[in-house]
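As the structure is a prediction and not an experimental result, all values here were calculated from the model.
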Amino acid sequence: MSDRQACKSSGQTGTDDITDVLLVVDTVTLLKRCPDAGDDPANPTPVDGDCCYGIASGIGQLQGINEGQLCIEAPIGACLRLRWAPLAMRAEYAVLLSLELSDEQTFGHARLIVDEQATSYVPQSATPMQPARRSASDYFWQIDVKACGTVEATINALVTDRDARILGSFQWPLHLSVTSAMVG
C-alpha cells in the first residue's frame, strides 16, 4: 500500500517517500445512527470515530483500525496521502471529506490534491493479465510528515446520495500517530 514515488513536498521538487492511507467511512451506519443529521457543512453533526476505519502500511503488514485512532509508519520527510471511500454495498452513497490538523508540529502543510489526468488499470475478463489503461480522477489529502508523534485531526464528512444530494454532514476527531520507518 505504500511505495516510493516522486513527491512534491511543500513546493519543493525532489523525490520523497509516499505513504498511502485509506479511510473507509461506514456511511450506512452513520446515517442509521443519526437519521436527523443536518445537511449544513458549517454545522456538522458530531459523532464518534467508530464509523471510520483506517488502513495503513505497517511493518510487513497492513494495519486496520477504528475508534478514532490511526497509527502510521512513515519516514520523517515523507508525504502522507490520505484517500477515503464510503462503505456502501451498492455505491448508493458517496463521501466528501475535509481534514483539519490541530497543529503542524508532527504533520504539516495539509492540502487537497486533485489529479484529473491520473491513470487507472482495469482488468479485462478475456485477458486478466493485460489490464486496460484508463484515465481516471484521483484525489487525496497530502500531508508532510515532520516528526514522530501524535496530532489530533478533525474530519468533516458530507454523505451524499447518487444524485449528489446531501444526506448528512458529520464531524469526528481522529488521532493520527506516526512512527519513523527506515527508508529502504
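Between atom CG of residue Leu176 and atom CG of residue Leu101 there is a gap of 7.0 Å, rounded to the nearest 0.5 Å. Remark: His175 NE2 to Thr150 OG1 distance equals 9.0 Å, nearest 0.5 Å. Atom CG of Asp17 sits about 9.0 Å away from atom SG of Cys79, to the nearest 0.5 Å. One distance of note links CG of Leu70 with SG of Cys52; it measures 8.0 Å at 0.5 Å rounding. Put simply, CZ on Arg162 and CD on Glu92 are 6.0 Å apart, with the number rounded to the nearest 0.5 Å.
Nearest heavy-atom pair, Pro44 versus Asn156, reported as atom, atom and distance to 0.1 Å: CG-OD1, 3.8 Å. Of all heavy-atom pairs between Ala74 and Ala78, the closest is CB-CB, 4.4 Å. In terms of heavy-atom proximity, Ser120 sits nearest to Ala136 at CB-CB, 3.9 Å. Taking all atoms of both residues into account, the shortest heavy-atom contact from Ser169 to Pro41 is OG-CA, 3.5 Å. When every heavy atom of Ala118 is checked against every heavy atom of Asp138, the shortest pair comes out as CB-CB, 3.6 Å.
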Q) Can Val28 and Tyr93 be said to form a side chain to side chain contact (heavy atoms under 4.5 Å, CB included), step by step? A) CA-CA 8 Å; Val28 174; Tyr93 304 120; 3.9 Å; yes
Q: Go through the steps to decide whether Val145 and Thr19 satisfy the test side chain to side chain contact (heavy atoms under 4.5 Å, CB included), and finish with yes or no.
A: CA-CA 10 Å; Val145 178; Thr19 299; over 6 Å; no
Q) Between Val95 and Leu158, does a side chain to side chain contact (heavy atoms under 4.5 Å, CB included) hold up when you go through it step by step? A) CA-CA 6 Å; Val95 175; Leu158 286 177; over 6 Å; no
Q | side chain to side chain contact (heavy atoms under 4.5 Å, CB included) between Leu82 and Leu23, intermediate numbers included | A | CA-CA 7 Å; Leu82 187 120; Leu23 290 182; 3.7 Å; yes
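Between the side chains of Glu73 and Thr179, not a single donor N or O lies within less than 3.5 Å of an accepting N or O.
Side chains of Arg111 and Ile113 form a contact here, defined as non-hydrogen atoms less than 4.5 Å apart. Taking 4.5 Å as the limit, every side-chain heavy atom of Pro123 sits out of range of all side-chain heavy atoms of Pro128. Side-chain atoms of Leu99 and Thr154, non-hydrogen and from C-beta on, never get closer than 4.5 Å to each other. When side chains are defined from C-beta on, Val47 counts as touching Cys34, because their heavy atoms get closer than 4.5 Å. Between Gln130 and Gln124 the shortest side-chain heavy-atom distance does not fall below 4.5 Å. Two residues are said to be in side-chain contact when any heavy atoms from C-beta on lie closer than 4.5 Å; Leu80 and Phe107 meet this criterion.
No chain of hydrophobic side-chain contacts below 4.5 Å, direct or via other Ile, Leu, Val, Met, Phe, Trp or Tyr residues, connects Ile166 to Leu30. With hydrophobic clusters built from ILVMFWY side chains whose heavy atoms lie under 4.5 angstrom apart, Leu96 does not share a cluster with Leu87. Cluster annotation: Phe140 is not connected to Ile143 through the hydrophobic network of ILVMFWY side chains, with a link wherever side-chain heavy atoms come within less than 4.5 Å. Under the 4.5 Å side-chain heavy-atom criterion for ILVMFWY residues, a single connected hydrophobic cluster contains both Val25 and Leu112.
Counting only residues at least two apart or on different chains, the side chain to side chain donor-acceptor pair (under 3.5 Å) pairs with a member in residues 29-43 are Asp26-Thr29, Arg33-Asp50.
Checking side-chain atoms of Asp163 against main-chain N and O of Arg165 turns up no donor-acceptor pair under 3.5 Å. Here the side chain of Trp141 pairs no donor or acceptor atom with the backbone of Glu100 at under 3.5 angstrom.
Scanning for salt bridge (Lys or Arg N to Asp or Glu O under 4.0 Å) contacts around Glu152 gives an empty result, with sequence neighbours left out.
Ion pairing of Asp144 with Lys146 is absent here, as no side-chain N (NZ or NE/NH1/NH2) approaches a carboxylate O to less than 4.0 Å.
Residues Trp84 and Tyr139 place their aromatic rings such that the two centres sit under 6.0 Å apart.
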